[in-house]
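Down below is the structure, laid out as structure tokens.
The analysis underlying the following values was restricted to heavy atoms, covering all of them including side chains, and did not include hydrogens, waters or symmetry mates. Predicted model, so just to flag it, every value in this text is computed and none were measured.
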Amino acid sequence: MTMASESDFAAWAAAVSQRTNRSLAGRRITGVRDPLFRLQAAQWGMVDDADPCGRADADAPLDPRRSVGGLFDSRHADGVEAMDAAQAHMPVTAALLDELTRETDLHGVRIAVCLILEPKTAVLLRLLKAAGATVGVFCEPESTDQRVADQLRREGITVQADAGWTAEQAHQGALRLLDEIRPQIIIDDGASFARLAAFERPELLDGLIGVSEETTSGVRAFQAMQDAGALTFPVIAVNESILKTGFDNTHGTGETCVTTMQDILGAHAFEGARVAVVGYGPVGRGFALRVRALGARVSVCDTDPVAALQAVFDGFAATDIDEALADADIVVSATGVRHTIALEHLQRLRQGAALAVIGGIANEIALDDIPDFRSETGCRIRDLAVPDGPVIRLLAEGDGVNYTAGGGNPIEIMDLSFAVQVSAVTHLWRTRGTLRPGLHRLDADADRRIAAVALSVRGFRASHAVAENGYDWTMTRFAETERRSQTQEGQ
């Protein structure tokens, strides 16, 4: 497969992303002469290796003239191979944790992790265990990579996850992890594990130092708890870090949701397609920018006028959801809000329209309002007859398309997110007993520390400023002009 000569960026990007589960954004690309291919690569966040800026990267640049078949295929590797490959490309988390644990000893801390269980998460668990923490993980069956779960058990990590579990078995597995680990710190996704502890194991909250929350929807849930006076422990809003939201959401989810949908619908599914993006947060924006680069005609729907205005200034038409959905070939929900796509919206869709959730929470599409709807584990696409409406094509059973029908966010992107997680964990442990209950953010220095490491491993660096620039807050532009005039007169 030598795609550059055919100017087929869409097929090449989909193949590389799905095969390797590595990020295209932030990667170097070389050997491309076709201007359209180069433009699309740049729009996806790739750096032209012909650019003289920056040092050589330890990672070889991607060359589209070479066969994609020669790249490591994480989908068909066994558990240890997939985990080792991910760990080889997650240097930021490893380096940062090594640095932080010189300052804060994690030996003996009990950590329960509730995240999508796949190779990148396994790296985080491995690193925390190596740092001396007692670690256990829970995951819902639809988000569990069984080869990873099995391998982690072999490595001595407590795992409560099985791809074959029923909903009730998963519930009991989550409770077992709480009982076994009795966590002092929870790394959470959607605030689900901490709320489970609060509702069904409240006796454990006395020993809970705090929670590190991964997602937008989770931060939203904890904010509601805080507003209701029900948040009795500290929560670090990892999702509020720019190293999480600005990279994981925009580049990670945005990119892999596009390439997973290409894998399901065809590499050129977006070319000329009318696409409605509902929700213009970081995920929706990252998705919209990429499908436009592939030739889609994108409309954006957002209830926030500020977000809608940002979409317009990014070059997208902003419109009401009823209008956009009736005309769309492909619809994606990117809000993390229940019933974003309500039954009345489903009834407005065109016959044969494709519908997916990018990011996602339970029932972001109101499938629970469709009588007799039953989710089918592992189903990537199916025809769904909407009551009093069309037959549509539902992707990934209405769950987050990139992690249920694809490999999830890219390795390098999760390396940044998990670096923020280890910053949050060490902060919680270091400040135990002094951090008040409620939502907290890491300071900007934590982001800068991670970013400096991430730049370095890519062969780039931030600029520098002069040590002394003569700044004086009392010196206005008028006083400075007058001072220069007096100096010149005295010469």
Do Q223 and R220 have a side chain donor and acceptor closer than 3.5 Å?
no
Checking N21 side chain against G408 main chain: does a donor-acceptor pair fall under 3.5 Å?
yes
Here the gap from I365 atom CD1 to L343 atom CG, rounded to the nearest 0.5 Å, amounts to 12.0 Å
Could you tell me whether a side-chain N or O of E364 sits under 3.5 Å from a main-chain N or O of I361, the two making a donor and an acceptor?
yes
Salt bridge check, K120 against E118: does any charged N sit closer than 4.0 Å to a carboxylate O?
yes
Kindly assign one of parallel, tilted or perpendicular to the pair F138 and W165, based on the angle between their ring planes and the thresholds 30° and 60°.
parallel
Taking C-beta and beyond as the side chain, do E180 and Q160 meet within less than 4.5 Å on heavy atoms?
yes
Testing the 3.5 Å rule here: is there a donor-acceptor pair between the side chains of Q18 and T260?
yes
Carboxylate-amine/guanidinium contact D447 R441, below 4.0 Å
no
Test item: R380 side-chain N/O and A405 main-chain N/O as donor-acceptor pair under 3.5 Å
yes
Measuring from S143:OG to L117:CG, what's the distance to the nearest 0.5 Å?
9.5 Å
Whether T93 side chain and D415 backbone form a donor-acceptor pair below 3.5 Å:
yes
Which distance, rounded to the nearest 0.5 Å, do you find between the CG of L325 and the SG of C301?
6.5 Å
Distance, nearest 0.5 Å, that separates OG of S241 from CD of Q421
10.0 Å
Sidechain-backbone polar pair: R147 side chain, A77 backbone, donor-acceptor under 3.5 Å
yes
Pairs touching residues 301-312 that satisfy salt bridge (charged side-chain N to carboxylate O under 4.0 Å, His left out), sequence neighbours left out:
none
Are a donor atom and an acceptor atom from the side chains of T335 and T340 found within less than 3.5 Å of each other?
yes
Minimum-distance pair of heavy atoms, taken over all atoms of E81 and F72
O-CZ, 4.0 Å
Going from CG on L289 to CD on Q43, what distance comes out if it is rounded to the nearest 0.5 angstrom?
8.5 Å
Under 4.0 Å between a Lys/Arg side-chain N and an Asp/Glu carboxylate O for R75 and D145?
no
Is a salt bridge present between R153 and D150, judged by a nitrogen-to-oxygen distance below 4.0 Å?
yes
Would you mind telling me which of D48, D63, D49 makes a salt bridge (Lys or Arg N to Asp or Glu O under 4.0 Å) with R28?
D49
Polar side-chain atom of R19 near backbone of V68 as donor-acceptor pair, under 3.5 Å:
yes
Could I get the full list of side chain to side chain contact (heavy atoms under 4.5 Å, CB included) partners for N239, not counting sequence neighbours?
T216, V219, K244, T245, N249
Donor-acceptor under 3.5 Å (T121 side chain, I116 main chain)
yes
Does any N or O in the side chain of E323 come within less than 3.5 Å of the main-chain N or O of D320, such that one atom is a donor and the other an acceptor?
no
Thinking salt bridges, do D188 and R195 make one under a 4.0 Å N-O criterion?
no
Distance col, row I413:CD1 vs T256:OG1, nearest 0.5 angstrom, shows 9.0 Å
Do any N or O atoms from the side chain of E213 and from the backbone of V238 form a donor-acceptor pair under 3.5 angstrom?
no
Donor on one side chain, acceptor on other, E142 and T404, under 3.5 Å
no
Under 3.5 Å, is there a donor-acceptor pair between the side chain of R22 and the main chain of H89?
no
Sequence neighbours left out, what pairs pass salt bridge (charged side-chain N to carboxylate O under 4.0 Å, His left out) with at least one residue falling in residues 339-355?
D322-R348, D329-R350
